[in-house]
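The structure under discussion appears below in the form of C-alpha cells.
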Amino acid sequence: MLFSAGLGTRFKPWTDKHPKALAMVNGKSLLQRNIEYFQRFGITEVVVNVHHFADQVIEALDRSGGWGSKIIISDEREELLETGGGLLKARPFLESPAANSELFVTINADILTDLDLNKLIAFHKEQEALVSFGVTDRLTSRNFLFDAENRLRGWVNTATGQYRWPSGAAPANISALVQKAYSCVVVFDPRIFGLMRHTGKFSIVDTYLDLANDHRIMGYDHSGDRLVDVGKPESVALAEAMFP
C-alpha cells in the first residue's frame, strides 16, 4: 500500500493546487518512484489511498497505466483517515480470504529510499513479528524506543519531552532503550486487522503502541541506506541529489 492521501501542508505552495504524491523528483513523481520501488522487489499490486486532489492522482495512474502495476484505489475523499484509519479502510484489498494470508508492505508517498525490502521481509519472518518497520539513526525529534532485541517499547518527542508507553506507564529501564527514527516502510502480518482497536481517523503509531506489549512490533535498522523524507519543498534538491 502506498499512502498518498495526505494534505501535504508542509509542502506548500505545491499542495495548494496538487497532491504531494505528484511532486516531481528528477522528472518522476513521488507516486511513480514508489510504485517502481515496489516493482524492484516483485510487488506489482498496489493499493493507493486518495483524498487531497484525488482526481489528479487517479488521472496520473490511469494515464500511465499504473506504470506497469495493478493499482487499486482506496477512496478517502469523504474523510481523510490518516495512516491507521487509511490502512483499516483498505483492509478488503490487503487481507486475503485464504487462511494463510500474505504479508503486505506499506510506504508513505513522500519517502524515497533504497532499503532492501527482501531483507526487511526476511527480518520480519525471522522475528516472527506482527509488524516490522525500517528505522535509522538519522536526526529527528520524534523517535521510537527499542530494547536490546529491537522490539518496540515506546515513543518520544525529544523536542517537547513527551513520552508514550504501550502500558501507559514508563518502564523501569528507560535509560537502556535506544531511539531510532521511523522510515515509514513497514511489513505487516494481516492478523493486524483483527487486533486493531482504534476506528475512524487515527495514526498507525497508535496501533503500534497499543499492541506492542502483547505482540512483536520490531524495528529493522537500515542506517546507511539512502532515505529522504520529501516532506518540504527544500527536500526536493536533496532527493534529486540522492535519486537520479
Side-chain angles (χ1 to χ4, degrees), residues 1-7 34 38 43 45-52 54 72-111 117 120-121 123-135 142-147 149-157 162-169 171 180-220:
M1 180 171 180
L2 180 55
F3 289 107
S4 62
L7 301 176
N34 274 311
F38 281 145
I43 299 171
E45 294 185 29
V46 183
V47 177
V48 176
N49 70 339
V50 296
H51 173 84
H52 188 56
I72 301 165
I73 297 296
S74 183
D75 195 333
E76 294 179 30
R77 276 177 281 199
E78 289 188 4
E79 182 183 12
L80 181 61
L81 296 170
E82 297 190 16
T83 47
L87 183 68
L88 191 57
K89 183 176 177 65
R91 178 178 184 172
F93 310 126
L94 297 167
E95 187 178 49
S96 166
N100 297 314
S101 294
E102 293 183 60
L103 302 174
F104 63 89
V105 183
T106 68
I107 190 170
N108 292 11
D110 54 5
I111 293 293
L117 278 182
L120 176 59
I121 292 168
F123 170 85
H124 177 85
K125 291 177 177 178
E126 288 165 6
Q127 295 295 323
E128 298 181 339
L130 178 68
V131 181
S132 301
F133 48 75
V135 292
R142 299 175 183 183
N143 292 276
F144 285 114
L145 299 168
F146 297 92
D147 64 18
E149 296 181 347
N150 299 311
R151 183 168 174 175
L152 180 66
R153 295 302 182 187
W155 177 95
V156 62
N157 184 330
Q162 177 194 8
Y163 284 86
R164 295 178 64 188
W165 307 108
S167 62
K180 298 286 184 180
Y182 186 45
S183 300
C184 304
V185 184
V186 192
V187 178
F188 288 93
D189 186 303
R191 289 182 298 125
I192 189 77
F193 291 118
L195 298 168
M196 294 171 82
R197 288 188 277 251
H198 298 84
T199 57
K201 181 178 181 177
F202 63 97
S203 168
I204 194 63
V205 173
D206 298 337
T207 295
Y208 297 159
L209 293 171
D210 185 45
L211 299 177
N213 273 351
D214 298 323
H215 301 274
R216 292 176 65 78
I217 313 291
M218 306 298 295
Y220 172 73

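From a predicted model like this one, the values you see are computed outputs, not experimental measurements. All values below come from the heavy atoms of this structure, side chains included, with hydrogens, waters and symmetry mates left out. Numbers for residues simply follow the sequence, beginning at 1.
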For a 4.5 angstrom cut-off between non-hydrogen side-chain atoms, does Phe3 reach Asn49? yes
To the nearest 0.5 Å, tell me how far Trp165 CH2 sits from Leu145 CG. 5.0 Å
Would you call Leu117 and Val185 a side-chain contact if the rule is heavy atoms closer than 4.5 Å? yes
Shortest non-hydrogen separation from Leu103 to Asp189 and the atoms involved: CD2-CA, 3.8 Å
Enter the distance from Arg216:CZ to Ser132:OG here, rounded to the nearest 0.5 Å. 8.5 Å
Stepwise salt bridge (Lys or Arg N to Asp or Glu O under 4.0 Å) check, Lys201 with Asp206: CA-CA 11 Å; Lys201 181 178 181 177; Asp206 298 337; over 6 Å; no
Compare all side-chain heavy atoms of Tyr208 with those of Val186 and state whether any distance is below 4.5 angstrom. yes
Aromatic ring proximity, centroids under 6.0 angstrom, Phe133 and Phe144: yes
pair Ile72-Val48: side-chain heavy atoms closer than 4.5 Å: no
Is there a side-chain contact between Met196 and Ile192 (heavy atoms, below 4.5 Å)? yes
With side chains defined as the heavy atoms from C-beta onward, is the minimum distance between Ile121 and Val105 less than 4.5 Å? yes
Would you say that Ile43 contacts Phe104 through its side chain, given a criterion of any heavy-atom pair below 4.5 Å between the two side chains? no
Determine whether a donor-acceptor pair (N or O, by modelled atom type, separation under 3.5 Å) exists between the side chain of Ser167 and the backbone of Ala169. yes
Is any side-chain heavy atom of Thr207 closer than 4.5 Å to one of Arg197? no
